[in-house]
Each structure stands twice: as C-alpha cells, then as structure tokens.
Novice: 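One structure follows; several queries about it will come next.
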Amino acid sequence: MNIKQPENQSVTNNYSEIRGVIFDLDGVLTDTAEYHYRTWQKLADEEGIPFNREANEALRGVARRETLMYIIGNRQYPESKIQEMMDRKNRYYVESIEDITPKDLFPGVLQLFDDLKQAGIKIAIGSASKNARTVVQKLGIADKVDAIADGYSVNRPKPAPDLFLFAANLLGLQPSQCVVVEDAAAGIEAALAAGMFAVGIGPESRVGAAHVVLPGFSGVRWVDLAAKLSRAK
Ligand SMILES: O=P(O)(O)OC[C@H]1O[C@@H](O)[C@H](O)[C@@H](O)[C@@H]1O
Ligand SMILES: [Mg+2]
C-alpha cells in the first residue's frame, strides 16, 4: 500500500466523511483499456506509425484526440485526416465492445458496489470515454450507479480535475467527500488536483501517486479500503 498526502490539497483524512466513490471505467471496472490499446495499435499499424503497448501505458485515461496527437507526434496531417483517424479508431473500438456482458466486470466490483450501497455511499462513473454509457449498459450496472460523467461532460480532459469535479457535483458532494478509483496516471493526477482521495488500480510505477494502491478489487471490501484510506495521511 502506498500512503501519500497530495501537496496543497485539503483532503479530509477522516474516511467517515466519504460520501461518494467515483470510478473510472476503462481498466478499472472492466478490461476495455485493453480494447482501447488494441484498436489504437491497429490504427497506428495501418498508418505505419510506430506504437506499442509500452507507449500506450502513458495514454491510459487520455481522451481520444489527445491520444491520437500523442501517437502521431510531429507528423503533420490536415484536420480532415485527423478526424478520419479518430472516427476509424472509434469504429474499431465500438466493434470490439459489441459482445461485452456483465461477465466482463472485473472480479470484486459487484461486491464493492453492494458494500457501498449498504454504507449509504453514492457511486459515480468518471470516464473520459464517449462510449462510457454504452459500456455501463452492457456491463449491466446502469441501475447501480447514481451518476455518470463521461467524454461529453467537460471540455478539459484528465489530468485536469474537471471531470471528477463534475461527477462530485452530480452527486451533490464536496470534493473532500469523494474518492476516485483510477488505473491511469492522468486520472490519479486529476483526482489529486480535484482535492479528492485517490485509489490507484495497477502497478506503483503507474498509479503510485495515489493514497492507496491495489492490484484489483478481488476480495476488497469497503470496510478494509476505508480503513486504508483513513490511514492515508
Ligand atoms: O474514444 P473514447 O471512447 O471517447 O475514449 C476516450 C478515452 O477514454 C478513457 O477512459 C480511456 O482510458 C482512453 O484510453 C480513451 O482514449
Ligand atoms: Mg482507465
């Protein structure tokens, strides 16, 4: 477990004040981060642009246009070509999520959602994806979440705090009452900038700036996670 306090943030260190948990979607609740990667890889291969899994690590949580800009680097393309490439990648991505079912939820997610409901803690989705609502529907969790902030909600993408502040607002909560769960470095940065608790899912090398780092939700109960957060001073 990693325990750090973000600088210059007035995050409460009393977990009993936590009233909402904002979950990123891709790579947190299901494996769609992998689908995003594979479809960007397909596009890059078609265009003859070097790209690989390692380069993709920095692109987790990064919005569609910003991801493409990173991949093309200093290559110059007209806006029409940029638009066509974003559309093509999205077509591949939409095809790849067609067969998602509730079985694709990561282990432990439903148990954690149930724990949160029992504890009277609200649940939001905070995803940069414009496909987030479709994925949430396919996973069968639409009736379990209180609010969805997605790729249409704000202008400034992660690592800006805007999406999580938008989600907290939908829940009617203050930032200090919220926990963000993220698999992306950009998402942890956004959560800390919003003045929220951050739980990182994945390796320390990627999400080590979070207050608490977990490999996944398998066997994770809210009471235990809350206790870890309460020690994260
Ligand atoms: O292209 P979409 O579906 O709007 O998704 C935007 C971004 O959404 C994020 O959730 C993913 O982590 C990124 O990989 C993705 O680029
Ligand atoms: Mg993610």
Side-chain angles (χ1 to χ4, degrees), residues 21-44 49 51-72 82-98 100 104-106 109 123-139 141 145 148-164 166-167 179-192 194 196 198-203 205-210 213-217:
V21 180
I22 304 168
F23 290 88
D24 173 50
L25 176 65
D26 301 319
V28 168
L29 300 183
T30 188
D31 203 17
T32 38
E34 177 66 17
Y35 300 2
H36 278 294
Y37 161 62
R38 287 187 197 164
T39 48
W40 280 123
Q41 184 72 61
K42 182 170 158 76
L43 180 92
I49 302 172
F51 185 59
N52 57 33
R53 191 176 280 282
E54 198 189 338
N56 183 69
E57 279 298 275
L59 296 173
R60 278 177 184 258
V62 175
R64 193 181 305 172
R65 176 175 285 271
E66 284 69 19
T67 301
L68 179 60
M69 290 306 166
Y70 179 95
I71 291 172
I72 64 182
I82 287 170
Q83 198 58 55
E84 184 279 320
M85 288 192 282
M86 288 195 294
D87 291 348
R88 195 180 345 148
K89 183 273 178 181
N90 192 53
R91 238 181 15 253
Y92 297 151
Y93 180 72
V94 169
E95 276 167 25
S96 76
I97 60 174
E98 219 159 77
I100 285 181
D104 291 300
L105 267 178
F106 280 148
V109 170
I123 297 173
I125 302 294
S127 169
S129 175
K130 291 184 166 152
N131 295 291
R133 279 168 200 273
T134 308
V135 174
V136 164
Q137 288 287 348
K138 284 178 177 290
L139 290 172
I141 53 170
V145 305
I148 297 178
D150 65 9
Y152 295 101
S153 299
V154 297
N155 290 325
R156 287 197 310 165
K158 302 171 190 177
D162 304 29
L163 187 76
F164 295 137
F166 185 90
V179 179
V180 166
V181 186
E182 261 289 351
D183 69 314
I188 299 295
E189 198 181 327
L192 298 181
M196 299 179 182
V199 174
I201 303 293
S205 56
R206 199 172 69 215
V207 291
V213 174
L214 301 171
F217 299 118

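Order of appearance sets the numbers: ligands from 1, and atoms from 1 within every ligand. Just the heavy atoms: all of them, side chains too, but no hydrogens, waters or symmetry mates, feed the values below.
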Novice: Check whether any side-chain heavy atom of V109 lies under 4.5 Å from a side-chain heavy atom of F23, and answer yes or no.
Specialist: no
Novice: Examine the proximity of ligand 1 to T32 and report which part, side chain or backbone, both or neither, has a heavy atom under 4.0 Å away.
Specialist: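 Near ligand 1, T32 shows nothing, with every heavy atom at 4.0 Å or more.
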Novice: Looking at A55, is its backbone amide N or carbonyl O close enough to the side chain of N52 to form a donor-acceptor pair, meaning the two atoms are under 3.5 Å apart?
Specialist: yes
Novice: At a non-hydrogen distance cut-off of under 4.0 Å, which region of S129 contacts ligand 1 (side chain, backbone, both, or neither)?
Specialist: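 The part of S129 near ligand 1 is both the backbone and the side chain.
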Novice: Are side-chain heavy atoms of Q41 and R53 found at a separation under 4.5 Å?
Specialist: no
Novice: Under a 4.0 Å N-O cut-off, is there an ion pair linking R91 with E95?
Specialist: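 No salt bridge links R91 with E95.
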Novice: Please report which non-hydrogen protein atom sits nearest to atom 10 (O) of ligand 1, along with the residue it belongs to and the distance in Å to one decimal place.
Specialist: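 Sorting protein heavy atoms by distance from atom 10 (O) of ligand 1 puts D26 OD2, 2.6 Å first.
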Novice: Students should be able to answer this: which protein heavy-atom is nearest to atom 12 (O) of ligand 1, and at what distance?
Specialist: G61 N, 2.9 Å
Novice: Give the residue and atom name of whichever protein heavy atom lies nearest to atom 7 (C) of ligand 1, and the separation in Å to one decimal.
Specialist: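 Its nearest protein heavy-atom neighbour is V62 O, 3.3 Å.
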Novice: Which bit of K130 is near ligand 1, meaning a heavy atom under 4.0 Å away: side chain, backbone, both or neither?
Specialist: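 The part of K130 near ligand 1 is both the backbone and the side chain.
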Novice: In ligand 1, which numbered atoms sit nearer than 4.0 Å to a non-hydrogen atom of N131?
Specialist: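 Counting from 1, the qualifying ligand atoms are 2 (P), 3 (O).
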Novice: As a test of reading the structure, name the N/O/S atom of D26 that is nearest the Mg ion (ligand 2).
Specialist: O
Novice: Please name the atom of D24, restricted to N, O or S, that is closest to the Mg ion (ligand 2).
Specialist: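 Closest N, O or S atom of D24 to the Mg ion (ligand 2): OD2.
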Novice: Just how far is it from atom CD of Q83 to atom CG of L68, taken to the nearest 0.5 Å?
Specialist: 9.5 Å
Novice: Of E182, E189, E66, which meets side-chain hydrogen bond (donor to acceptor under 3.5 Å, both in side chains) against K158?
Specialist: E182
Novice: Do the side chain of S153 and the main chain of L163 share a donor and acceptor less than 3.5 angstrom apart?
Specialist: no
Novice: Test your reading of the structure: does R64 have an N or O sitting under 3.5 Å from an N or O of ligand 1?
Specialist: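 In this structure, R64 places an N or O atom under 3.5 Å from an N or O of ligand 1.
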Novice: So which N/O/S atom does D183 have closest to the Mg ion (ligand 2)?
Specialist: OD1
Novice: State the atoms of ligand 1, each with its element, that fall below the 4.0 Å cut-off from a heavy-atom position in T67.
Specialist: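 Every atom of ligand 1 under 4.0 Å from some heavy atom of T67: 16 (O).
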Novice: In terms of atom number and element, which parts of ligand 1 are under 4.0 angstrom from non-hydrogen atoms of S127?
Specialist: 10 (O)
Novice: Indicate yes or no: does an N/O atom of N90 lie under 3.5 Å from an N/O atom of ligand 1?
Specialist: no
Novice: Say whether N131 and D26, considering side chains only, have a donor N or O and an acceptor N or O under 3.5 Å apart.
Specialist: no
Novice: Are I22 and M196 close enough that some pair of their side-chain heavy atoms sits under 4.5 Å apart?
Specialist: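 A side-chain contact exists here, since the closest heavy-atom pair is under 4.5 Å.
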